[in-house]
Amino acid sequence: MDPTLKAHFDETVKSHPIVLFMKGNALFPQCGFSARALQLLQPLGPVHTVDVLADPNVRQGIKDYSNWPTIPQVYIHGKFVGGSDILMELAERGELQDLVAAGGK
Amino acid sequence: MLDAETLRRYLLDALPGSEVELNDTTGTGDHFEARVVSPAFTGKTMVEQHQLVYAPLQPWLKSGELHALALKTYSPEQWKKLGPR
């Protein structure tokens, strides 16, 4: 993939403990899965959101970067955690907060 | 279109020693639910576990023969602790 875009993603996911690539933004989610992901993450701390609808390069680029076919996508402490199904399952198991608390270790 | 038994055998070949339970959710052979308990998942994150399941199924996913797979994955240790629910 484009090295500038890759560097941009590297920088974004490392600069914030929780990063959510979503459709829309925190105030106006444009998709139910994105909205659900946001709801699960917000109680755990500040969520940095990236609206993939704002830039087609980002929308396709993040799928290549994560090697994951769908949006939303969640990164916690720089590490790709998954999409909305995985997020829900982790939340159900109580493992989502552990990931945030672990500080990437 | 796939049948659950073909898919199950395929997953068992790819992930030896696993326990695979499949449910054809629409009865049309292209939407499945799967629960996979596999020793290969030990120490892996959930996204890594899902990727291990998806990898061998790529040709079917790409061709559209397999349209959707709702996955639940557990290492044997996780399954002992969390399931069956």
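Order of the sequence lines fixes the chain letters, A, B, ..., with proteins taken first and strands second; residue numbering starts at 1 for each chain. These figures come from a predicted structure and were not determined experimentally.
- For the pair B/V47 and A/I86, the tightest heavy-atom approach, listed with the atom from each and the gap, is CA-CD1, 3.7 Å.
- Contact record, B/M46 with A/L90: CE-CD2, 3.2 Å, taken as the closest heavy-atom pair.
- Within a 6.0 Å radius of CZ in B/R35, other residues, nucleotides and ligands contribute more than 12 heavy atoms.
- One hydrophobic cluster holds both A/L44 and A/V74 under the rule that ILVMFWY side chains link at heavy-atom gaps under 4.5 Å.
- Atom CG of B/L82 and atom CD of A/E95 lie 6.0 Å apart (nearest 0.5 Å).
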Steps toward side-chain contact (heavy atoms from CB on, under 4.5 Å) verdict (A/D85, B/K72): CA-CA 9 Å; A/D85 283 357; B/K72 300 228 186 238; over 6 Å; no
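- B/T73 approaches A/R93 most closely through the heavy-atom pair O-NH2, 2.8 Å.
- Hydrophobic clustering of Ile, Leu, Val, Met, Phe, Trp and Tyr side chains at less than 4.5 Å, counting indirect connections, unites A/Y75 with A/L5.
- Under the 4.5 Å side-chain heavy-atom criterion for ILVMFWY residues, a single connected hydrophobic cluster contains both A/M88 and A/V19.
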side-chain contact (heavy atoms from CB on, under 4.5 Å) between A/F80 and B/E48, worked out: CA-CA 10 Å; A/F80 180 52; B/E48 289 164 343; over 6 Å; no
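- Contact of B/Q49 with chain A is not made at all, since no heavy-atom distance falls under 4.5 Å.
- Surrounding OH of B/Y54 are more than 12 heavy atoms belonging to other residues, nucleotides or ligands, all under 6.0 Å away.
- Clustering ILVMFWY residues whenever any of their side-chain heavy atoms sit less than 4.5 angstrom apart, transitively, puts B/F41 in the very cluster that holds B/L12.
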